[in-house]
Amino acid sequence: MFEHIKEGPPSLMKFKDGRDTYTGVGNFSNGFSLSVVRHSGSYGGEQGLFEILLMRNDKPISLPPITEEGDTIKGFLTEEQVNSIIADTRDLPGTF
């Protein structure tokens, strides 16, 4: 579904009512990674939307505009928005 994201096991891929769930992680050479999820407990999951968690060196971080200031999670995202965030994260410089 998303380029550069490794999907989770198929056993985690269905809501109880049959709708698809999604779990995936992308690790980038710049030290950043994204967790992308869609499930009944994620922000927007009940509406079929995605949630991302941004990490750097395996620690959650806040980095506008990918996430809001002070927040490591961004939810209620469409597939197109997630693809844009993946590209933005992949292209971040490795040092700040």
Same apolar cluster: [X] and [Y], side chain cutoff 4.5 Å:
| X | Y | result |
| --- | --- | --- |
| Ile61 | Val37 | no |
| Met55 | Val82 | no |
| Leu49 | Leu34 | no |

If you compare all heavy atoms of Ser33 against all heavy atoms of Asn27, which two are closest, and at what distance to 0.1 Å?
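Residues Ser33 and Asn27, closest heavy atoms: CB-OD1, 3.1 Å.
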Taking every non-hydrogen atom, the tightest pair across Ser42 and Glu51:
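For Ser42 and Glu51, the tightest heavy-atom pair comes out as CA-OE1, 3.3 Å.
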Using side chain to side chain contact (heavy atoms under 4.5 Å, CB included) as the criterion, list what pairs up with Ile66, not counting sequence neighbours.
Ile52, Leu54, Ile85, Asp88, Thr89, Leu92
OH of Tyr43: more than 12 outside heavy atoms within 6.0 angstrom?
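Count not over threshold, so no.
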Please check if the number of heavy atoms outside Asp58 that lie under 6.0 Å from its CG is greater than 12.
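Counting other residues, nucleotides and ligands, CG of Asp58 stays at 12 neighbours or fewer.
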Ignoring hydrogens and angles, write down the donor-acceptor pairs under 3.5 Å from the side chains of residues 68-77, residues two or more places apart or on other chains.
residue, atom, partner, partner atom, Å
Asp71, OD1, Ile73, N, 3.2
Lys74, NZ, Pro65, O, 3.4

List in chain and number order the residues that pass side chain to side chain donor-acceptor pair (under 3.5 Å) with Thr78, two or more places apart in sequence or in another chain; answer none if no residue qualifies.
Glu80, Gln81
Enter the distance from Arg38:CZ to Glu46:CD here, rounded to the nearest 0.5 Å.
11.5 Å
